[in-house]
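Take a look at the structure set out below.
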Amino acid sequence: MSTERYNAREAEPRWQKIWDERGIYRTRNDDPRPKYYVLEMFPYPSGRIHIGHGRNYVMGDVVARFKRMKGFNVLHPMGWDAFGLPAENAAIERNTHPGKWTYENIATMREQLKLLGLSLDWSREIATCDPSYYGEQQRIFLEFLAGGFVYRRESEVNWDPVDNTVLANEQVIDGRGWRSGALVERRKLAQWFFRISDASEELLAGLDTLERWPDKVRLMQRNWIGRSEGLHVRFVIENAPEGLPAGLPQDLPSEIKVYTTRPDTLFGASFLALSPGHPLTEQLAAGNPALAAFVEECRRGGTSTAEIETQEKMGFDTGLTVAHPLGGAPVPVYVANFVLMEYGTGAIFGCPAHDQRDHDFARKYGLPITPVVLPAGADPAQFSVADGPYDGDGTLFNSGFLDGLSVPEAKEKVALKLENAILGNAPVGERAVNYRLRDWGISRQRYWGCPIPIIHCDSCGPVPVPADQLPVRLPEDVTFDQPGNPLDRHPTWKHVNCPHCGAPARRETDTMDTFVDSSWYFARFASEPGTAPLQKGAADHWLPVDQYIGGIEHAILHLLYSRFFTRTLAKIGRVSITEPFAGLFTQGMIVHETYKDPAGKWLFPEEVEKRADGTAVKVGSNEPVTVGAPEKMSKSKKNVVPPEIVADTYGVDCARWFMLSDTPPERDSEWTSAGIEGAWRFVQRIWRLVGDAMELTDGVREATPESFGTESVALRQASHRLAAQVEDDVERLRFNVAVARVHSFTNVFGDAMASARKGGVTPDIGYALREAAEFLVAVVAPMVPHLAEECWTVLGRDGLAATAGWPVVEPALLMDDTVTLPIQINGKRRGEITVPKDAPPAEVEKAVLALELVSQALDGRAPKRIIVVPQRIVNVVA
RNA sequence: GCGGGUGUGGCGGAACCGGUAGACGCGGCGGACUCAAAAUCCGUUUCUGGUGACAGAGUGUCGGUUCGAGUCCGACCACCCGCACCA
């Protein structure tokens, strides 16, 4: 029996070196085998990784290694989402250059990732801050601009006062900057935008084709895009506002257009409300200081969720009234703080009986509340919405020609009627589809990002930087000693001549949102090293990514932007595919308990010792330690485990095995010392089993024996089933189940070995044991690759486990001749019976009735019914 | 408020299409080996009653469909996630 332990510390670096030297993870585009592209979301180089970062890389690595064994040409690259604010913050804090800081972090993290034994093609490594990468991005930007997918406009933006930059709506979470956490303010700036909202419909429709995406993510995107169908309705202004001072613009519009999804409730309209940002509001406010003050008050209202929720409905009566388009009573026009300018037309009609907001508003300003939809079964004389609006289904009443119709019928009838009502040269009503999705503002007032390749000329306007002058490189000599954008205050960088007229002009000093960088990197990886960054042929060959893996936090932003970007690249002819990620998986986080000393200071796990009685103390001082609930690993709470420590004590294979065990990959998983120790024991167990099997079968001829006995067949069945099941599990990314099957198999394997030791190793048993060892090693190879190589050597096999094929399963060994059926009596399990697999139900029934336990239960009576489900179960109803 | 998800032993979790609930692991208990320990191996471990074979209960709660429900349907409870004045 082999007693030597597997020495991961020695073996792991050795095998990593061999893999590296032989270049087995280098991928070639001209490889004739079918392609498979596995990608994990590339990291931001923040400094160091902890073991919690490793989970998605390990999952991706298992898939990559498995697919390689199945004969695919696998692309599994890695890169760095290297632009972004933390580099500038570090520059300020440490008086260093963002680039230097970033590249140092990349060097550290690359070594840490290599430590994990990932089968990555490092030759394709990219960093988005590399001029060759962002230069291509500038080219793409200009092509998008030429194609009409980019524009510039003055817009109110979300301003992050801490990071001193603009944020997209999606980057504002609960009214705070997604990175800084600062309360966001509103400002007006000239910004560059991508026309993502024009793609709303196709982005929505495309979701239906993404069958290998989690439903949850598709739903989140669907809601984010927020399609609604409704009607644009024109309301004619009836009167000039009274009591307004002279100087009111004479060119007031003659009508107000509103957007509604509930045209059926038009007869319940008791007011119109304009957004404070509506052009008519601005026009009226110019001549009305009270209104101007009201608008100003609305603007100060704040943008945080908490504020919006608690904010009371506020309105200002403009004195205008509009005619009711269906002949109802005239309706007053208000300006209201809750009407958004960015959605619909910036104006609404209020129906207080059937909408909460309108209800609140009407009560506050004493406007009439007329119910027009009657719930089924309600009495029209009694029905009241005094307690709150009713927004359910029902029958129309108080609504003239709509009375008696259902809500959908009424919607349709109103739409038809208003479409056919002509006022001036246009219909009063027009069907319209609205989306919640807004255009993507990409301008950022920061240094460490991709420069927007535009030159502003006083006479020519914004002019693209000519192609031969790309990339527009970031200047190296910048300072961070004052707030604001270093590019803007750089002494020379922005001063250039206009490419059109040659007059002195200024560079655009804004850089792009870093989400642009991550919107096409997956296409960049397709090109071989040293070739053009975005090659159509290569991208079309590799894309879409077959399996993309990353955190759920990117369900909307990154994934929606990437989908938009890919579609737009297709429209300008850069690629042929429209969806970048065919399969998506969102993995859970690794969490860890937190520890605090009596002074309330966070402690690292290695500073804490757990006592047998469940309490914890600080190592050295014996001070009591408060153990907190498991939380996401974070530097600030110190509940992190560095990969180096794990590698040194247990080996990375143990860490890999542990990360794949027990918890389903989409759920959060808790890192515990007991767990890693369990993984360590199991790694040793595999090592021992393989060694023992080789020792035990030493001298047994390897040739296939002439016949197999019951025991060897049973073991062979287990081996072949293992390979078939683990294959299925890995295909479905059910790593925890795969791990359980391997555990189960080692129990069977161990038992077979013990009985062979007692009963003697006949040629068939010897063959089965060796096969079992080989199957075991091959099956775990994607999960614990270093151990697999070491075992491969023990097995005396040529080549590397990493380049070996997946075990070939003999279908005959997956079948059983007999099957054991549970017997239920009245639905309760009372026994079992073993019958031939293909026994006809009638015979099974006969055999079951002959059993004593059945006749006893029946007590002489005939059974009422017998249900035989072939190969499943027998139920006797007494 | 709207939308979605989850709920199974002391713990992580398994159970394909409605067919033996608790696979596998962790922890616990008992044993073997050892002078002893570690390591390893074997047995046991849902709960209740019983020495025992066995019986009863049991997948958040209540009800329903079915020969049979963790799985399907209805109502509810708890927790988690997303969105949120989107007309």
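Just the heavy atoms: all of them, side chains too, but no hydrogens, waters or symmetry mates, feed the values below. In the text below, chain A, chain B and the rest are named by the order of the sequence lines, each starting its count at 1.
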Q) With both distances under 3.5 angstrom, what nucleotide forms a Watson-Crick or G-U wobble pair with G30(B)? A)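 By the stated definition (distances under 3.5 Å), C42(B) pairs with G30(B).
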
How would you label the contact of [X] with the nucleic acid (heavy atoms, under 4.0 Å): base, sugar-phosphate, or nothing?
X       : result
V339(A) : base
V869(A) : base
L219(A) : sugar-phosphate
K313(A) : base
S661(A) : nothing
D355(A) : nothing

Q.
With rounding to the closest Å, how many angstrom separate the C1' atoms on G19(B) and A69(B)?
A.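 Roughly 10 Å separates the two C1' atoms.
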
Q) For atom C1', what is the distance between U59(B) and U44(B), given to the nearest Å? A)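 That atom pair is separated by 23 Å.
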
Kindly point out which of [options] is positioned nearest to the side chain of [X]?
X       : options                : answer
E832(A) : U20(B), G19(B), C83(B) : U20(B)
P664(A) : G12(B), A14(B), C85(B) : A14(B)
I873(A) : A57(B), U20(B), G25(B) : U20(B)
A740(A) : A87(B), A23(B), A39(B) : A23(B)
I867(A) : C67(B), A87(B), A15(B) : C67(B)
L340(A) : A84(B), A87(B), U20(B) : A87(B)
T261(A) : A14(B), C24(B), A87(B) : A87(B)
H743(A) : C41(B), C24(B), A87(B) : C24(B)
V877(A) : A84(B), A87(B), C67(B) : C67(B)
A674(A) : G13(B), C26(B), C67(B) : C26(B)

Between [N] and [X], is there an OP1 or OP2 to side-chain N/O distance shorter than 4.0 Å?
X       : N      : value
R830(A) : U20(B) : no
R681(A) : G27(B) : yes
R829(A) : G68(B) : no
K216(A) : U6(B)  : no
Y259(A) : A87(B) : no
R734(A) : A15(B) : yes
R872(A) : G68(B) : no
N736(A) : A14(B) : yes
N875(A) : U66(B) : no
R262(A) : A87(B) : no

Using atom [atom1] of [X] as one end and atom [atom2] of [N] as the other, report the distance to the nearest whole Å.
X       : N      : atom1 : atom2 : result
Y6(A)   : A39(B) : OH    : P     : 21 Å
D662(A) : A15(B) : CG    : P     : 13 Å
F735(A) : G12(B) : CZ    : P     : 22 Å
D668(A) : G13(B) : CG    : C1'   : 15 Å
R667(A) : G12(B) : CZ    : P     : 10 Å
Q684(A) : A39(B) : CD    : C1'   : 10 Å
L274(A) : A87(B) : CG    : C1'   : 13 Å
N434(A) : A87(B) : CG    : P     : 8 Å

Can you find a side-chain donor-acceptor pair between [X] and [Y] that sits under 3.5 Å?
X       : Y       : result
R685(A) : N747(A) : yes
Y343(A) : S228(A) : yes
R563(A) : Q221(A) : yes

**Q.** Quiz item: cation-pi between K313(A) and F338(A), 6.0 Å / 45°
**A.**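 Cation-pi check for K313(A) and F338(A): passes.
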
Q | R5(A) NZ/CZ over W687(A) ring centroid, <6.0 Å and within 45° of normal | A |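 No, cation not above the ring by the 6.0 Å, 45° rule.
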
Q. When you check the gap from the basic side-chain N to the acidic O, do E430(A) and R234(A) get nearer than 4.0 Å?
A.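 No, this pair does not count.
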
Q) Does R741(A) come within less than 4.0 Å of D729(A), counting only side-chain N to carboxylate O? A)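 Looking at R741(A) and D729(A), the cut-off is met.
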
Q. Run the salt bridge (Lys or Arg N to Asp or Glu O under 4.0 Å) check on D692(A) and R757(A) step by step: do they pass?
A. CA-CA 10 Å; D692(A) 288 358; R757(A) 234 179 237 122; 3.7 Å; yes

